[in-house]
Engineer: 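One structure coming up, written as structure tokens, with questions to follow.
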Amino acid sequence: MRIAMVGQKSIPARYGGVERAVEEVAARLVEQGHDVTCFNWKEKGEEMPRYHRGIRLRYVPAVGGKHLRNMSQSVVATIATLVGDYDIVHYHALGPTLASPIARLRPTTKVVVTIQGRDDQRAKWSPPARAVLGLAAWVAAKVPHAGIAVSKQLQKEFLEEFGRRTVHIPNGVAAREAPASYTPEEMPEHFGLTSGRYLAMVGRLVPEKAADQLIRAYRNVPTDVQLAIIGGSSHTDEYVERLHSLAEADDRVILTGPVYGNGIDSLFRHAMGYVMPSLLEGLPLALLEGISYGLPVAVSDIPPHVEVVGADGPGHRVFRAGDIEHMTKQLTALVTDPEGENAAAQRQTARVLHEYSWEGITNRTRSVYEALLDDRDPTDEIAPLPAAPGTEAANQV
């Protein structure tokens with residue numbers, strides 16, 4: 001098959017979960033013998049390799065501010081697909097899908113969208129921007145030939161709100177070998193952290209990630225274990241300034257700024273545990289990665305988190321979203337018995353690496369493509385993935 005990927009900013013992945021998911025699936029599709037092109041943003045001063053892991057890279061201009069860049073890139077990329085003789089044009093996230101009606105102009109091309117989250121519900125966007133993203137959600141439900149939802153919650157929302165059946169294919173994860181060595185700048189000590197004595201939170205610093213609530217909850221955790229909040233602004237500079245102000249009241253809290261490559265690998269590998277207090281997620285790749293490193297986790301009880309970790313217990317502490325007092329209690333449990341938490345976390349890691357393997361996710365994605373090209377409905381024949389232990393009833397669609 002000839003496949004075009006549209007909506008990611010850059011491959012090789014540098015920015016976040018969407019780019020990482022696109023790269024991992026695209027590279028494995030190439031290994032299976034398919035021809036995959038990823039349309040990257042064209043950025044001044046950056047290298048523009050033609051291939052990465054066998055993926056063909058094309059660069060298209062993106063213009064405008066935060067509201068227009070993704071849309072303009074997606075439109076130009078989609079126009080380019082019309083002359084590219086692609087079997088599949090696959091959009092990633094809601095905003096880029098606004099360009100999908102253009103891809104439908106080529107009758108032999110099948111259009112797919114992966115719904116990574118409800119961007120129309122994110123607090124960082126203005127009301128007009130959220131309205132446009134709400135339209136994008138409608139387009140994602142009505143225009144593509146097939147939709148993929150990364151969580152059962154998103155699958156349920158699109159069925160209830162738009163009457164659209166989707167295939168559940170989550171993001172994935174794989175165990176990583178440690179680099180032969182780290183530079184001093186990649187080690188926790190460079191950021192003021194003590195190896196093995198900090199909890200980590202990783203992600204863009206936006207209000208729905210609830211890092212402010214985490215800092216408030218941590219004030220009452222009786223421990224000398226540090227808290228590392230790893231990430232940077234995503235058009236949310238005022239919010240990040242507020243986080244720095246909150247962190248000044250507790251010298252255990254360290255805001256590292258964005259960290260990439262071996263640096264983020266090092267910070268995961270040397271952490272004591274992983275925390276995710278989010279109020280809104282699709283299916284967070286950072287949570288899967290934290291578990292893949294064998295870390296005990298503490299997460300809010302939003303459905304995408306519970307879908308991954310299951311019910312509350314040692315190694316996978318679950319607290320009520322937005323409940324600072326309950327978060328404090330669960331964080332205290334996480335740091336009080338490291339040996340017991342770690343033993344339970346290892347069992348969780350083995351399960352997640354099996355259930356969320358990139359190989360299995362790539363095969364399910366390829367099956368969606370093949371069904372469409374044979375004029376079959378993939379939602380009729382691709383079996384649902386099993387729920388995590390203790391979540392079956394909560395996640396039925």
Side-chain angles (χ1 to χ4, degrees), residues 7 17-18 21 90-98 100-101 104 110-125 127-171 206-210 276 278-285 287 299-311 318 320-322 355-356 361 364-365 367-368 371-372 376-397:
V18 172
H90 191 157
Y91 292 89
H92 297 270
L94 292 185
T97 314
L98 286 168
S100 63
R104 290 290 304 256
K110 300 298 183 181
V111 179
V112 180
V113 58
T114 291
I115 304 152
Q116 292 278 355
R118 292 302 302 268
D119 297 328
D120 54 320
Q121 298 174 4
R122 298 192 187 282
K124 71 176 182 179
W125 300 118
R130 286 199 295 271
V132 172
L133 289 167
L135 173 62
W138 183 90
V139 171
K142 303 299 182 181
V143 173
H145 294 94
I148 294 170
V150 298
S151 73
K152 293 180 180 178
Q153 176 66 19
L154 287 168
Q155 191 179 33
K156 180 182 178 186
E157 289 179 12
F158 267 68
L159 182 61
E160 292 180 347
E161 292 183 32
F162 305 109
R164 180 60 188 260
R165 297 169 64 211
T166 56
V167 178
H168 175 218
I169 305 179
N171 291 321
V206 295
E208 59 267 19
K209 298 286 188 183
M276 202 149 201
S278 303
L279 306 175
L280 176 70
E281 289 286 352
L283 190 84
L285 187 56
L287 173 58
V299 300
S300 59
D301 64 352
I302 61 174
H305 289 170
V306 177
E307 182 179 318
V308 173
V309 306
V318 180
R320 292 183 292 272
E355 293 182 6
Y356 293 87
I361 286 158
R364 286 175 68 84
T365 303
S367 295
V368 171
L372 291 177
R376 294 179 281 114
D377 184 349
T379 61
D380 288 338
E381 57 185 74
I382 299 178
L385 287 169
T391 67
E392 288 84 355
N395 288 313
Q396 285 178 353
V397 177

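Side chains included, hydrogens not; waters and symmetry mates left out as well; all remaining heavy atoms used.
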Engineer: Quick one: does any side-chain atom of R104 pair with a main-chain N or O of V143 as donor and acceptor, under 3.5 Å?
Structural biologist: yes
Engineer: Which heavy atom of P144 sits nearest to which heavy atom of T97, and what is that distance?
Structural biologist: CG-CG2, 4.1 Å
Engineer: Enter the distance from I148:CD1 to F158:CZ here, rounded to the nearest 0.5 Å.
Structural biologist: 12.5 Å
Engineer: How close do G282 and P304 get, counting heavy atoms only, and between which atoms?
Structural biologist: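 So the minimum-distance heavy-atom pair works out to O-CB, 2.9 Å.
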Engineer: Quick one, L279 and I302 - any side-chain contact, counting heavy atoms below 4.5 Å?
Structural biologist: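 No - every pair of side-chain heavy atoms lies 4.5 Å or more apart.
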Engineer: Decide yes or no on side-chain contact (heavy atoms from CB on, under 4.5 Å) for I169 and T114, but give the supporting numbers first.
Structural biologist: CA-CA 9 Å; I169 305 179; T114 291; over 6 Å; no
Engineer: List in chain and number order the residues that pass side-chain contact (heavy atoms from CB on, under 4.5 Å) with R164, two or more places apart in sequence or in another chain; answer none if no residue qualifies.
Structural biologist: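 R164 satisfies side-chain contact (heavy atoms from CB on, under 4.5 Å) with A141, F162, T166 only.
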Engineer: Can you name the nearest heavy-atom pair linking V139 to P101, along with the distance?
Structural biologist: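 So the two residues come closest at CG1-CD, 4.3 Å.
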Engineer: Nearest 0.5 Å, please: how far is NE2 in H90 from OG in S100?
Structural biologist: 11.5 Å
Engineer: Could you report the tightest heavy-atom contact between V113 and A140, atom names first, then the distance?
Structural biologist: CG1-O, 3.7 Å
Engineer: Is the shortest side-chain heavy-atom distance between Q116 and L94 below 4.5 Å?
Structural biologist: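 When only atoms from C-beta onward are counted, L94 and Q116 do not touch, as no gap falls below 4.5 Å.
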Engineer: May I ask you to decide if A321's main-chain N or O and D301's side chain share a donor-acceptor pair within less than 3.5 Å?
Structural biologist: yes
Engineer: Atom OG in S367, atom CG in L372: separation rounded to 0.5 Å?
Structural biologist: 11.0 Å
Engineer: Using 0.5 Å steps for rounding, measure from the CD atom of Q155 to the CD atom of E307.
Structural biologist: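 Result: 9.0 Å between the selected atoms.
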Engineer: Between G310 and V318, what is the shortest heavy-atom contact and its length?
Structural biologist: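 Looking at all heavy atoms of both residues, the closest pair is O-CG2, 4.0 Å.
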Engineer: Once you round to the nearest 0.5 Å, how far does CG of N171 lie from CG of L285?
Structural biologist: 5.5 Å
Engineer: Minimum heavy-atom separation for L154 to I115, with atom names?
Structural biologist: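 It is CD1-O, 3.5 Å.
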Engineer: Please round to the nearest 0.5 Å and tell me the distance separating atom NE2 of H168 and atom OG1 of T379.
Structural biologist: 14.5 Å
Engineer: According to ring-ring contact (aromatic ring centres under 6.0 Å, His included), who are the partners of H305, at least two apart in sequence or on a separate chain?
Structural biologist: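 Here no residue qualifies.
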Engineer: I'd like to check H145 versus V112 (side-chain heavy atoms, cut-off strictly below 4.5 Å). Are they in contact?
Structural biologist: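 A side-chain contact under 4.5 Å is absent here.
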Engineer: Is the closest side-chain heavy-atom distance between P284 and M276 below 4.5 Å?
Structural biologist: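 The answer is yes; the side chains approach within 4.5 Å.
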Engineer: Checking H92 side chain against G7 main chain: does a donor-acceptor pair fall under 3.5 Å?
Structural biologist: no
Engineer: Are the side chains of D380 and R165 in touch, meaning some heavy atoms are under 4.5 Å apart?
Structural biologist: yes
Engineer: Only counting residues at least two apart or in another chain, list the ones meeting salt bridge (Lys or Arg N to Asp or Glu O under 4.0 Å) with R320.
Structural biologist: D323
Engineer: Output yes when E281 and R118 qualify as a salt bridge under the 4.0 Å nitrogen-oxygen rule, no when they do not.
Structural biologist: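 No, this pair does not count.
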